[in-house]
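Below is one structure, written out as structure tokens; the observations come after it.
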Amino acid sequence: MTNDKAAGESIPAGETPVRRNFVREIIDEDLKTNKFAGRVHTRFPPEPNGYLHIGHAKSICLNFGIARDYKGKCNLRFDDTNPTKEEMEYVESIEQDVQWLGFNWDGMYYASDYFGQLYDYALQLIRKGKAYVCDLNADQMRELRGTLTEPGKNSPYRDRSMEENLDLFQRMKAGEFADGSRTLRAKIDMASPNVNMRDPVMYRILRSTHHRTGDTWCIYPMYDWAHGQSDSVEGITHSICTLEFEDHRPLYDWFVQELGIYHPQQIEFARLNLTFTVMSKRRLLQLVQDGDVDGWDDPRMPTICGLRRRGYTPESIRDFADRIGVSKSESTVDVAFLEECLRADLNKRAPRVMAVLHPVKLIIDNYPDGVVEELEAVNNPEDPTAGSRKVPFSKVLYIEQDDFREDPPKKYFRLSPGSEVRLRYAYIIKCVGVVKDEKTGEIVELHCTYDAETKSGSPQSARKVKGTIHWVSAEHAVDAESRIYDRLFNVEDPGGENWKSYLNPASLQLVQGCKVEPSLAHAQPQERYQFERLGYFCVDDDSREGTLIFNRTVTLRDTWAKIEKSA
RNA sequence: UGGGGUGUAGCCAAGUGGUAAGGCAGCGGCCUUUGGAGCCGCCACUCCCAGGUUCGAAUCCUGGCACCCCAGCCA
């Protein structure tokens, strides 16, 4: 399946001002010197052994973004050289996630497409005397590899004849030897200070059904042997990867040079780390398998599908990737920064609605029984084209429990006995009574009076009151459930062996009995709203008409919470 | 203590011999029928440290220090 569209076609170039970074500088220089005949061709090469996460998004935005801005190309290539870990489920999710982020690949390939070519290349190296079949097992090989400070020793099989190597390698492929009994190794230098150059393994014998090639092969290429040659075959100009592969670059270069084939340039950048979360696929997989989360797309996960379900927009993730930049220094970005990018985007596009998460009944004593007014409410003050809607208002309402305090602290602008507050889009009311449950002391009803002159839009409505609160008409409200998410871990850096002990037990809070305005009755999964004064919410995939479920994507900036906290 | 990298504000990050961009956070103020949004202002006499070169150094040189990565038949 190949997609011919230009990379990133759906994203206008110049969506944000292009930010300089060292990778683009290298490309500029290469363009100037005509190193690659004016071509720019990148690739995003995930291993299909897990779901993509926000760290991959950084790489995706880098690679596809470069292709877009330089009018070049970007391939999607699955690095599927280890059949024991890779599955179709993952390739499907990866395709979906890349597209959801807004990118279209020019070519879609698999490293496994090149198994035949790679085998032929291996034959070439053997004939050149640059590769040999080694009979050492894994333990023996490790012993001879030396250490970081001591050189390794040559394998006793290192000097086999070319003919014998050819014969043995062909028989490895033919399945004559047991798994792990032999390897094909590059003949480089066992004394190299770079351990990657100490006769690295190119092929191992592994009888495992591959998700695409089935049982055709029982030898599989190692990453180092597959990656550069795949880049070369595809005509990649700039092979961008993360820092830990910097030590592999000499090997990358050695292979293409010895083969005498087209030579792409590998460039390494620092991977993304985020506070309050884990990013390794191994750990994310463990969270899923151990049931600590509800699957790869749990809204608390830093996976692309998790963020999507949480309510993140692709635009906000791209903006985040642009704003954090690209460099070679190890960095950990504050997750609050990701959230800020999200708010910036949602603020401009999410329709406002009123919803009460923790309702308390409020009765307007002097409002006529049985009367319903349809009040005009603006859909999005940031977007005049969003229009307005009617919201029903009546004598009995629900307001947020937290918007009433019997003993208000200093600077509390909301409702309290005897105080006035504005009901958003409606009237100014005054609290005249509190009804409590005799046994529990819990507040069950608030009684207020309203000032009929202060209806929103009328001349008298200009009267100043300290606070404005949201509400929903009891008779017209629709029931809903909310899922309130907090950080998955309660420490900034949940590293080390004990990482699971830092899981935040309160990362998910289910709130039943929410009351939302009637315009939300038919809300569909993935729709995003701002619940005024509370935050951005999106309709969960589990939501059904009549059983609405909202995920809290992110809170609004909350100045009051800050004041109260510091008090 | 082998090799490869990286050190600029609380967090990211520009800067490439001419006198420290920008964003986020933070702090003041304005505005506001979301304590939202928006707007204005403040926020590094100094760039890991120490020497040196230079009229001039975050940028060049020398020597230290700190942190990250590498000893998979994982990627």
Side-chain angles (χ1 to χ4, degrees), chain A residues 19-21 25 45-47 49 79-82 84-86 134 136-138 141-142 145-152 179-185 192-198 200-206 219-220 222-224 226-227 241-250 268 270 275 281-282 322-334 336-341 343-344 347-348 352 354 378 380-382 411-414 422-426 428 454 456-457 461-470 530-535 555-564:
Chain A
R19 274 157 230 270
R20 304 296 320 151
N21 61 51
E25 256 163 42
E47 182 188 10
N49 68 342
D79 223 325
D80 57 350
T81 56
N82 184 354
T84 63
K85 291 184 175 171
E86 296 147 6
C134 182
L136 256 24
N137 65 34
M141 200 180 291
R142 189 178 317 114
R145 186 150 35 224
T147 68
L148 295 180
T149 52
E150 299 160 321
D179 283 11
S181 63
R182 284 178 223 257
T183 55
L184 182 73
R185 293 226 253 167
S192 172
N194 180 347
V195 292
N196 293 121
M197 300 299 271
R198 319 242 260 229
V201 171
M202 295 163 63
Y203 276 99
R204 72 279 217 189
I205 303 173
L206 195 59
I219 56 172
Y220 289 96
M222 299 290 291
Y223 165 85
D224 286 307
H227 203 90
C241 62
T242 43
L243 252 27
E244 67 270 27
F245 292 104
E246 209 150 16
D247 285 342
H248 295 240
R249 193 172 62 226
E268 311 84 13
T275 56
K281 281 193 199 171
R282 196 191 111 247
D322 283 341
R323 296 217 271 168
I324 56 175
V326 178
S327 74
K328 296 191 70 154
S329 57
E330 292 279 343
S331 62
T332 302
V333 177
D334 193 337
F337 189 59
L338 211 210
E339 293 175 343
E340 194 45 40
C341 294
R343 287 192 189 99
N347 175 50
K348 291 192 195 104
R352 272 60 170 173
M354 291 197 285
V378 170
N380 186 347
E382 303 296 317
K411 293 192 183 169
Y412 186 79
F413 297 166
R414 285 111 94 149
R422 177 181 300 281
L423 292 175
R424 181 92 159 137
Y425 300 123
I428 293 173
T454 59
S456 188
S461 73
R463 213 177 97 201
K464 298 286 179 211
V465 283
K466 275 281 180 62
T468 298
I469 64 174
H470 62 277
Q530 184 197 101
F531 286 1
E532 292 217 28
R533 304 207 305 132
L534 297 177
T555 59
L556 251 28
R557 251 199 236 133
D558 192 345
T559 311
W560 166 245
K562 211 187 292 173
I563 293 170
E564 203 175 28

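Since this is a predicted model, take the numbers as computed values, not measurements. Just so we're on the same page: letters track the sequence lines, and every chain starts at 1.
- Inspection of the Ser329(A) and Ser331(A) side chains reveals no N or O donor paired with an N or O acceptor under 3.5 Å.
- Comparing the C1' positions of G23(B) and G17(B) gives a spacing of 28 Å, expressed to the nearest Å.
- In this structure, C43(B) makes no Watson-Crick or G-U wobble pair, since no nucleotide meets both defining distances under 3.5 angstrom.
- Contacts of Lys281(A) with the nucleic acid, taken as non-hydrogen atoms under 4.0 Å apart, are absent.
- Closest to the side chain of Pro381(A), from the set U34(B), C73(B), G3(B), is U34(B).
- The pair Lys411(A)-Glu564(A) does not meet the salt-bridge criterion, since no charged nitrogen lies less than 4.0 angstrom from a carboxylate oxygen.
- Using N1 to N3 plus N6-O4 or O6-N4 for Watson-Crick, or N1-O2 and O6-N3 for G-U wobble, each under 3.5 Å, A50(B) pairs with U62(B).
- When the P atom is used for both C49(B) and C65(B), the distance is 15 Å, rounded to whole Å.
- Atom P of nucleotide G72(B) and atom CD1 of Ile205(A) are separated by 19 Å, given to the nearest angstrom.
- Residue Arg352(A) is in base contact, counting any heavy-atom pair closer than 4.0 Å across all strands shown.
- Across all strands shown, Arg414(A) has heavy atoms under 4.0 Å from base atoms, whether or not it also approaches the sugar-phosphate.
- Here the nucleotide nearest the side chain of Asp334(A), chosen from A37(B), C73(B), C11(B), is C11(B).
- Look at the C1' atom in both C68(B) and C31(B): the space between them is 47 Å, to the nearest Å.
- Base pairing of A57(B) is not made with any nucleotide, judged by Watson-Crick or G-U wobble geometry with both donor-acceptor distances under 3.5 Å.
- The CG atom of Asn196(A) sits 13 Å away from the P atom of A75(B) (whole-angstrom rounding).
- Between G10(B) and C30(B), the two C1' atoms lie 27 Å apart (nearest whole Å).
- Here the P atom of nucleotide C73(B) and the CG atom of Leu136(A) are 11 Å apart, to the nearest Å.
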Report all interatomic pairs (protein N or O, nucleotide N or O of nucleotides 40-42 of chain B) with separations under 3.5 Å.
none

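- Here U33(B) presents its P atom at 4 Å from NZ of Lys464(A), a figure rounded to the nearest Å.
- Between the CG atom of Asp79(A) and the P atom of C74(B) there is a distance of 14 Å, rounded to whole Å.
- Comparing the same atom, C1', in A57(B) and in G51(B) gives a spacing of 14 Å after rounding to whole Å.
- Between the C1' atoms of C60(B) and C55(B), the separation comes to 16 Å (whole Å).
- Base engagement by Thr149(A) is indicated by at least one non-hydrogen atom pair under 4.0 Å involving a base atom.
- For Arg533(A) and G35(B), the shortest distance from a side-chain N or O to OP1 or OP2 is below 4.0 Å.
- Comparing U6(B), U34(B), G2(B) by their nearest atom to the side chain of Arg424(A) picks out U34(B).
- Taking 4.0 angstrom as the limit, Ser329(A) places none of its side-chain polar atoms (N or O) nearer than this to OP1 or OP2 of C12(B).
- With a glycosidic angle no further than 90° from 0, C45(B) counts as syn.
- Judged by ring centres under 5.5 Å apart and planes tilted less than 30 degrees, Trp560(A) stacks against the six-membered base ring of G35(B).
- Each of G36(B), G26(B), A71(B) was ranked by its minimum atom distance to the side chain of Val195(A); first place goes to A71(B).
- Among the protein residues, Ser192(A) comes within range of no part of the nucleic acid, since none of its heavy atoms lies under 4.0 Å from any strand.
- A salt bridge between Glu268(A) and Arg249(A) is present, with a side-chain N of the basic residue lying under 4.0 Å from a carboxylate O of the acidic one.
- Positionally, the nearest nucleotide of RNA chain B for Thr332(A) lies more toward the 5' end than for the other of Thr332(A) and Gly146(A).
- Closest to the Ile324(A) side chain, of the nucleotides C12(B), C73(B), C70(B), is C12(B).
- Side-chain N/O atoms of Lys562(A) include one lying less than 4.0 angstrom from OP1 or OP2 on G26(B).
- For His248(A), taking side-chain heavy atoms from C-beta onward, the closest of the listed nucleotides U34(B), A75(B), C70(B) is A75(B).
- Taking CZ of Arg198(A) as the start and CE of Met141(A) as the end, the distance is 13.5 Å to the nearest 0.5 Å.
- The side chain of Arg204(A) has C73(B) as its nearest neighbour among C73(B), U33(B), A13(B).
- The nucleotide G38(B) finds its pairing partner in C30(B), both defining distances of the Watson-Crick or G-U wobble pair being shorter than 3.5 Å.
- The listed nucleotides are C12(B), A71(B), G3(B); the one nearest the side chain of Asn194(A) is G3(B).
- Along RNA chain B, the nucleotide nearest to Tyr425(A) and the one nearest to Glu86(A) differ in position, and the one closer to the 5' end is contacted by Tyr425(A).
- The residue Met222(A) sits close only to the backbone: its heavy atoms come under 4.0 Å of sugar-phosphate atoms, none of a base.
- The nearest whole Å value for the distance from the NZ atom in Lys328(A) to the P atom in C12(B) is 18 Å.
- In G29(B) the O4'-C1'-N dihedral to the base is more than 90° from 0, which defines an anti nucleotide.
- Using a 4.0 Å heavy-atom distance criterion, Glu25(A) is classed as a base contact.
- With C1' as the reference atom, C39(B) and U46(B) are 31 Å apart, rounded to whole Å.
- Looking at heavy-atom distances under 4.0 Å, Asn137(A) makes contact with a base.
- Using a 4.0 Å heavy-atom distance criterion, Val465(A) is classed as making no nucleic acid contact.
- Glu532(A) comes within 4.0 angstrom of a nucleotide base, judged by non-hydrogen atoms across all strands.
- Distance CD1 (Ile563(A)) to C1' (G28(B)): 14 Å, rounded to an integer number of Å.
- The one candidate from Ile219(A), Ile205(A), Val201(A) that meets the side chain to side chain contact (heavy atoms under 4.5 Å, CB included) condition with Thr183(A) is Val201(A).
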Are any protein N/O atoms closer than 3.5 Å to N/O atoms in nucleotides 22-24 of chain B? If there are, list each pair with its distance.
unit_1 : atom_1 : unit_2    : atom_2 : d
G23(B) : O2'    : Arg323(A) : NH1    : 2.8

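- Across all strands shown, Ser331(A) has heavy atoms under 4.0 Å from sugar-phosphate atoms exclusively, and none from any base.
- Here CG of Asp247(A) is found 5.5 Å from CG of Asn194(A). Values are rounded to the nearest 0.5 Å.
- One finds no side-chain N or O of Arg198(A) lying less than 4.0 angstrom from the OP1 or OP2 phosphate oxygen of G3(B).
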Using a cut-off of under 3.5 Å, enumerate the N/O to N/O pairs linking the protein to nucleotides 65-69 of chain B.
unit_1 : atom_1 : unit_2    : atom_2 : d
C68(B) : O2'    : Glu330(A) : OE2    : 3.1

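- Counting atom types as modelled, Ser456(A) pairs a side-chain N or O with a base atom of U33(B) as donor and acceptor under 3.5 Å.
- Distance CG (Asp224(A)) to P (A71(B)): 11 Å, rounded to an integer number of Å.
- Contact annotation for Tyr412(A): base contact, defined as any heavy-atom pair under 4.0 Å involving a base atom.
- For G4(B) and G22(B), the P atoms lie 37 Å apart once the distance is rounded to whole Å.
- Within the nucleic acid shown, Gln530(A) comes within 4.0 Å of at least one base atom, counting heavy atoms only.
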